[in-house]
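Residue numbers start at 1 and run along the sequence shown.
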Amino acid sequence: MSISPSGNQLLYVSPGSSSDETIYVVDLNSDAPPKAIVTMNEAKARLNGCDWATDERIVCDLYGMQEIGSTLLYFTRPTAMKSDGTDVTRLMPDTSRALGIAQRGGDVIALEVDGEDGAILMTRQYIKETSNNTRLANNKEGLGVDLVNVTTGRRKAVEDANRLADNYIADETGRIRIMQVSDRSAGGYDGNDVRYLFRTKGSDDWEDLSVLDARGDRAKGFYPVAVDSAKDVAYGFERVNGFNALFTVSLDGTGKQKLVMARDDVDVDGLERIGRNGRVVGATYATEKRTVEYFDPELDRIAKGLARALPDAPLVSIVDTDLSENRLVLIASSDTDPGTFYLYEKDTRQLSELLPARDPLVGREMGKMTPVTYTARDGTDIPGYLTLPPGSEGKNLPTVVLPHGGPGSRDVWGFDWLVQFLAARGYAVMQPNFRGSSGYGDAWFGKNGFQAWETAVGDVNDAGKWLVAEGIADPSKMAIAGWSYGGYAALQSQVADPDLFKAVVAIAPVTDLNLLVEENRRYTSYINVQRFVGTGPHVSSGSPARHADAFAAPVLLVHGTYDLNVGSAHSKLMEDRLEGAGKSVDYLEFEGLDHYLVHSQARGIMLKRMGEFLDTSLGR
């Protein structure tokens, strides 16, 4: 959802029954219903998001997938249109003469630029062009920044192409203040150092800001994410005693660094930014629940007031604001509430309900998510979340252990559609934040969930054992399911302890660690993936496809054929190995969908098959 600069209009994107997504526009000064202006219906493409560029025009980012030869590639294509869906303008220069493939159509890095009405700042991927039959062929390559008129599509270079540049950061006035550059090798990014350069307010010259050492499991050094021009500082993150902490670094040339927020139990993992200028107003971290600490006294007062006004939806986030920051679009949610959007007007202190995030679930009873801690086999306390079916007493239940993806991720308290689907079918759901999860510092992340798979998967299996010991789970009706790394952990749990779980669901799983490395060989991520997976005996012992003989439980595999994160070859290999070992396996494949299966009908099919598979396998 996005609010226009004047605060008089809203836009939001809503999914349909299959791959369709529709952009709606709402006049906040009228009682007229939302107006559908554009519907996109393409399984291999989707809307990354839309924003108001001006009060009259909208900018949307389209994401798509395509096979070029034998290589699967993603593409982004920014597009502008009038607020009624007409007068569509492509915000990407013509690349018909390009000698390479322009994957990135450009990222919006500033919606507001001082003195430039109707224009935005966008990155531009320069690719050398053939000079046949023209004197105007481009000979540049790399990433630059253009000032783009959102009505005509005309562009003016602000930052020239730089072959080593990966990203740029603008301040709230629309001036480029930071450039990120990375080392390159013949195979692409070499995964060693990432450098950040800055410029002072009165200069166009670049100076060194920091170097991020990316060779370890967790990068070390200061990495900036935002600039405050009024304070003349960069906000960014750096490790303190093994935990991510928030700092500012002066951009006046002194390099003075100041600690803004740090904790000794979890990472400070995000900035709270609002408005069209991306003003920094706070920082976030997650203990049992996610917390936002506001630096802005007015917003801190408003947030506390909203928490009192909406006690059943304690997770309140600012989605967007108008240019004056008087009208705020909020979403309030909880573990049992997927969220409701509100409009808050600061001048009148009026709170108005806009619409629910998931209308079909309004009024439906959900399972409550409770933070829990269990003890692993080595005595380590592992945090997690337990969700019981609505009305359940929590004893002797059919249960699903649901490890998260990543592994560099973590589960947090709040609404989760997959958890609530399972709870609605009568399952208790356990989400362990096993060692290898992010958010808990360097020591907890360790050697990640692949090189130290025995620790991570051991923690996952120990969650199941704890559920049985506590009398929560019926040991004969306990399953494991997961997506991405969670799917890998679900499969590898059978290798570690074949008798624990009676059914396995693996969505887009890694099944062979060497295959994961090799399928990235043609991409610039190859060296990073190679280092992340590592070498040694764990590559064989930690590849479930190589241990199909160990499996005792039936397996359901789900994969999209356009998965760039983990190729569908992983599930096909697992299916082949399990069938060859005489094991029970079912494979559900979605042609043309990627890792996230962002397709309403496909997700419906997947959930239906998953529910039936679990019920049948567990004898329910």
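A side-chain donor-acceptor contact under 3.5 Å links Y385 to the backbone of E288. Judged purely by atom type and a 3.5 angstrom limit, S317 has no side-chain atom pairing as donor or acceptor with the backbone of I331. Of the possible donor and acceptor atoms, none in the side chain of N244 sits under 3.5 Å from a partner among the backbone N and O of F237. Counting only distance, with no hydrogens or angles, the side chain of E345 and the backbone of D347 share no donor-acceptor pair below 3.5 Å. In this structure a side-chain-to-backbone donor-acceptor pair under 3.5 Å is present from D459 to R435. Side chain of Q420 to main chain of G367: a donor-acceptor pair is present (N/O by atom type, distance under 3.5 Å, no hydrogens or angles). A distance-only check finds a donor-acceptor pair linking the side chain of E21 to the backbone of L47 [under 3.5 Å]. With hydrogens and angles ignored, the 3.5 Å screen pairs no side-chain donor or acceptor of W413 with any backbone N or O of D335. Formation of a donor-acceptor pair under 3.5 Å by the E112 side chain with backbone atoms of E172 is not found in this model. Using modelled atom types, one side-chain atom of T399 and one backbone atom of L397 make a donor-acceptor pair closer than 3.5 Å.
Atom NZ of K82 sits in a sparse spot, with 12 or fewer heavy atoms from other residues, nucleotides or ligands closer than 6.0 Å. The local environment of CZ in R301 is crowded, with over 12 non-hydrogen atoms from other residues, nucleotides or ligands closer than 6.0 Å. More than 12 heavy atoms of other residues, nucleotides or ligands sit less than 6.0 Å from atom CD of E353.
Across all non-hydrogen atoms, the minimal contact from W444 to D381 is CH2-O, 3.4 Å. K502 and S476 make their closest contact through CG-O, 3.6 Å (heavy atoms, listed as atom of the first residue, atom of the second, distance). Scanning all heavy atoms of the two residues, the minimum distance from N433 to I382 falls at O-CG2, 3.8 Å. Closest approach of A332 and V316 over heavy atoms only: CB-CG2, 4.1 Å. Residues V460 and F501 come closest through the heavy atom pair O-CZ, 4.4 Å. Here the closest non-hydrogen pair linking A428 and L388 is CB-CD2, 3.9 Å.
With a 4.5 Å cut-off on side-chain heavy atoms, T89 and L91 count as touching. No side-chain heavy atom of P509 sits less than 4.5 Å from a side-chain heavy atom of V566. The side-chain heavy atoms of S83 and I37, taken from C-beta on, include no pair separated by under 4.5 Å. Looking only at side-chain heavy atoms (C-beta outward), S484 and N565 stay at 4.5 Å or farther from each other. By the 4.5 Å heavy-atom criterion applied to side chains, V585 and M574 are not counted as neighbours. Side chains of D84 and K35 form a contact here, defined as non-hydrogen atoms less than 4.5 Å apart. Side-chain atoms of L402 and D411, non-hydrogen and from C-beta on, never get closer than 4.5 Å to each other. A 4.5 Å side-chain heavy-atom check between E470 and Y374 finds every atom pair outside the cut-off.
Remark: of the listed residues M65, E591, E67, E591 is the sole one forming a side chain to side chain contact (heavy atoms under 4.5 Å, CB included) with T561. When the options T340, L330, V26, L343 are evaluated for a side chain to side chain contact (heavy atoms under 4.5 Å, CB included) with L354, the one that passes is L343.
Ion pairing of D51 with R276 is absent here, as no side-chain N (NZ or NE/NH1/NH2) approaches a carboxylate O to less than 4.0 Å. Salt-bridge formation is not detected for the pair R327/D322: no Lys NZ or Arg NE/NH1/NH2 atom is positioned less than 4.0 Å from an Asp or Glu carboxylate oxygen. Salt bridge present: R57 and D87 bring a charged side-chain N and a carboxylate O closer than 4.0 Å.
In this structure, Q431 CD and L418 CG are separated by 8.5 Å, a value rounded to the nearest 0.5 Å. Within the model, atoms OG1 of T54 and CG of L111 stand 10.5 Å from one another, a figure rounded to the nearest 0.5 Å. Between L11 atom CG and I58 atom CD1 the span is 5.0 Å, to the nearest 0.5 Å. With rounding to the nearest 0.5 Å, the separation of CG in D296 from CD in E325 is 7.5 Å. Between T284 atom OG1 and D269 atom CG the span is 4.5 Å, to the nearest 0.5 Å. The distance from the OH atom of Y344 to the CG atom of L306 is 6.5 Å, given to the nearest 0.5 Å.
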Stepwise side chain to side chain donor-acceptor pair (under 3.5 Å) test for R46 and Y596
CA-CA 11 Å; R46 63 176 180 264; Y596 306 99; over 6 Å; no

Which is it for H404 and F434 under the side-chain contact (heavy atoms from CB on, under 4.5 Å) test, yes or no, and what are the steps along the way?
CA-CA 9 Å; H404 61 72; F434 49 85; 3.3 Å; yes

Hey, mind stepping through D563 and S568 against side chain to side chain donor-acceptor pair (under 3.5 Å) and telling me if it holds?
CA-CA 6 Å; D563 192 330; S568 58; over 6 Å; no

Stepwise side-chain contact (heavy atoms from CB on, under 4.5 Å) check, V108 with D61
CA-CA 9 Å; V108 176; D61 188 40; over 6 Å; no

Would Y285 and F243 count as a ring pair (Phe, Tyr, Trp, His ring centres under 6.0 Å) if you check the C-alpha gap in whole Å, the side-chain angles of each, and the deciding distance to 0.1 Å?
CA-CA 11 Å; Y285 58 87; F243 294 92; over 10 Å; no

Is there a side-chain contact (heavy atoms from CB on, under 4.5 Å) between K346 and T321 once you walk through the steps?
CA-CA 11 Å; K346 290 198 295 186; T321 77; over 6 Å; no

side-chain contact (heavy atoms from CB on, under 4.5 Å), that's the test. Do L28 and L10 meet it? Break it down for me.
CA-CA 7 Å; L28 292 175; L10 285 172; 3.7 Å; yes

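Relative to the ring axis of F415, R358 does not place its NZ or CZ within 45° and under 6.0 Å from the centre.
Under the 6.0 Å cut-off for aromatic ring centres, Y587 and H559 do not qualify, their centroids lying 6.0 Å or more apart.
With 3.5 Å as the limit, one finds a donor-acceptor pair spanning the side chains of D615 and Y427. Checking N326 against S324 by side-chain atom types alone, no donor-acceptor pair falls below 3.5 Å.
Between F450 and Y488, the ring planes lie perpendicular to each other; the angle is over 60°, past the 30° to 60° tilted range. Ring pair Y63/Y74 is parallel by interplanar angle, where below 30° counts as parallel and above 60° as perpendicular.
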